[in-house]
Amino acid sequence: MEEKLNILAEKIRNANSIVIAGHKNPDGDSLCSMLALARLIELNFGKNPVCAYDGNIPDYLDRVPGRSTVKYFEKIDGNHPFDLAIIVDYGDAAHLGGTLPLVRGACEIAEIDHHKNPTPMGQICFDNENAAATGQIIFHMMCGAGWRADADALKLMAVAMLTDTGHFKFVRDGAVLRDMAQLVDMGVSLRDLSDMLNNKSRSTILAEARVTSRAEFFYHDRLAVAMVTGRDYKHLDGRGDVILNLLGQIKNVEYVVLLKQQKENQIGISLRSRSQPINHIAEMFGGGGHLYAAGAVAHDTLENVRARVIDVFKGI
């Protein structure tokens, strides 16, 4: 780690332009990892990276520090390649969406990720599949390098860990809890984080309620399937965590699947499980993810994907 941190530091010092990007439709870990890293680079190297995204950012992240500085990829001049691209929490190249040309066009690429990826893009990689969040890896990098952090950087790393663990419901060991405890000791207020993240529009809440109320149940209620039509999808900012969490609280439900009609024949598939591995099912649809939380994108009609999903779970 120390040697790689020194190499990364040298690349940052030598770069006149830096872009940081994460996966399309950034969640709390992707967005806050971008912003936390950008703030750490600003504080410790005097550089101002550009944070780029594609897709939609959920309303509940509107008040995280630095949110207003993130740029939609189409508003970034791609004719002038960046000296250094740092990709965070991206999974694989396809998940970068419209930011992929900015990354590939950079002179050098570094990556920080906690997803399994057999074909990493970075020349230097800080990848750890055992980490609960990419923000947790950045926290370890900060500590290992002795980088200075301010309240905003600390808060962003805490939000990344908090949201990607489902407020710690999906932790596999105590490491991320110890890291969060350290952040609290450094001044992060969990109450302030909670208040900051309670920030949704009425249209989002009503859409979540509609989709949840239309959920179907199969195989003795062990499988819950909810579908988001194009009409409701635009109100969910590409996400559906509340729907997944609500359905997952129902007695006897082991698996929850949320199908999101992103475009006419493009269906986002989000999968959750209480205790059984589910990432292999995402892989059947060309996706992947964590053991109990995974996803994919299928290019088919909503009804056809619904039928395929129900069939895949037959015999559970």
Side-chain angles (χ1 to χ4, degrees), residues 22-30 54-58 89-97 114-118 163-164 166 169-170 204 207-208 210-219 221-250 253-316:
H23 64 70
K24 186 176 180 180
N25 294 323
D27 56 9
D29 189 23
S30 183
D54 184 12
N56 298 302
I57 298 175
D89 195 47
Y90 78 109
D92 62 46
H95 295 153
L96 289 170
H114 72 131
H115 294 98
K116 182 179 180 181
N117 182 5
T163 55
D164 226 39
K169 287 185 295 185
F170 305 128
T204 296
E208 291 169 342
R210 281 193 299 272
V211 173
T212 304
S213 68
R214 295 195 300 256
E216 302 174 278
F217 299 87
F218 304 91
Y219 311 125
D221 291 346
R222 285 175 54 78
L223 171 66
V225 178
M227 297 192 294
V228 181
T229 63
R231 170 177 170 266
D232 283 328
Y233 179 72
K234 63 184 180 182
H235 296 301
L236 295 180
D237 290 326
R239 307 293 300 170
D241 289 340
V242 167
I243 300 165
L244 291 161
N245 290 336
L246 284 171
L247 294 174
Q249 294 176 36
I250 297 175
V253 169
E254 173 65 38
Y255 305 97
V256 181
V257 179
L258 181 63
L259 305 178
K260 298 165 287 188
Q261 189 175 38
Q262 299 168 342
K263 297 179 182 178
E264 185 175 355
N265 286 310
Q266 180 177 307
I267 311 302
I269 307 172
S270 295
L271 305 128
R272 298 293 186 271
S273 169
R274 284 183 190 264
S275 61
Q276 299 300 315
I278 205 167
N279 54 327
H280 67 287
I281 293 178
E283 290 170 0
M284 294 179 187
F285 290 88
H290 309 299
L291 279 178
Y292 310 120
V297 174
H299 296 280
D300 204 340
T301 66
L302 186 59
E303 285 300 324
N304 283 348
V305 176
R306 169 189 172 275
R308 289 168 59 193
V309 164
I310 295 169
D311 186 63
V312 163
F313 279 93
K314 189 179 297 181
I316 61 173

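No experiment lies behind these values; they were computed from the predicted model shown. Atoms considered below: every heavy atom in the structure, side chains included; atoms not considered: hydrogens, waters and symmetry mates.
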Between CD1 of I267 and CZ of F285, what distance do you get to the nearest 0.5 Å? 11.5 Å
State, to 0.1 Å, how close A226 and I243 come at their nearest heavy-atom pair, and which atoms those are. CB-CG2, 4.2 Å
Between F313 and Y255, is the ring centre distance below 6.0 Å? yes
Determine whether F170 and L291 make a side-chain contact, defined as any pair of heavy atoms from C-beta on separated by less than 4.5 Å. no
Taking the side chain as every heavy atom from C-beta outward, state whether T212 and V242 have any atom pair closer than 4.5 Å. no
Side chain of S30, backbone of D27: donor and acceptor closer than 3.5 Å? no
Between D311 and R308, is there a salt bridge with N-O shorter than 4.0 Å? no
Closest heavy-atom contact between M227 and V211? O-CG1, 3.7 Å
Give the minimum heavy-atom separation between G28 and T163, together with the two atoms involved. CA-OG1, 3.4 Å
Are K169 and N245 close enough that some pair of their side-chain heavy atoms sits under 4.5 Å apart? yes
Is the shortest side-chain heavy-atom distance between H95 and H115 below 4.5 Å? no
Would you say the side-chain atoms of T204 pair up with the backbone N or O of H235, donor to acceptor, closer than 3.5 Å? yes
Closest heavy-atom contact between G289 and N279? O-CB, 3.8 Å
Just so I know, are the side chains of R272 and D241 near enough to count as touching, which here means a heavy-atom distance under 4.5 Å? yes
Sole residue of D89, D29, D92, L96 in side chain to side chain contact (heavy atoms under 4.5 Å, CB included) with H23: D89
Exactly one of Q261, Q262, K263 clears side chain to side chain contact (heavy atoms under 4.5 Å, CB included) with Y233, and that residue is Q262
Could you check if a side-chain atom of L247 sits within less than 4.5 angstrom of a side-chain atom of V253, using non-hydrogen atoms only? no
Keeping Q266 on the side-chain end and V297 on the backbone end, is there a donor-acceptor pair under 3.5 Å? no
State, to 0.1 Å, how close Y292 and I278 come at their nearest heavy-atom pair, and which atoms those are. C-CG2, 3.7 Å
Is R306 close to L302 at the side-chain level, that is, under 4.5 Å between some pair of heavy atoms? no
Return the orientation label for the H114 and H290 ring planes: parallel under 30°, perpendicular over 60°, tilted otherwise. tilted
Might you point out which heavy atoms bring A207 and L236 nearest each other, and give the distance in Å? CB-CD2, 4.1 Å
Kindly compute the distance separating CG (N25) from CG (D54), expressed to the nearest 0.5 Å. 7.5 Å
The criterion is salt bridge (Lys or Arg N to Asp or Glu O under 4.0 Å); which residues satisfy it with E283, sequence neighbours excluded? none
I'd like to check L259 versus V225 (side-chain heavy atoms, cut-off strictly below 4.5 Å). Are they in contact? yes
What distance separates E208 CD from L244 CG, expressed to the nearest 0.5 Å? 10.0 Å
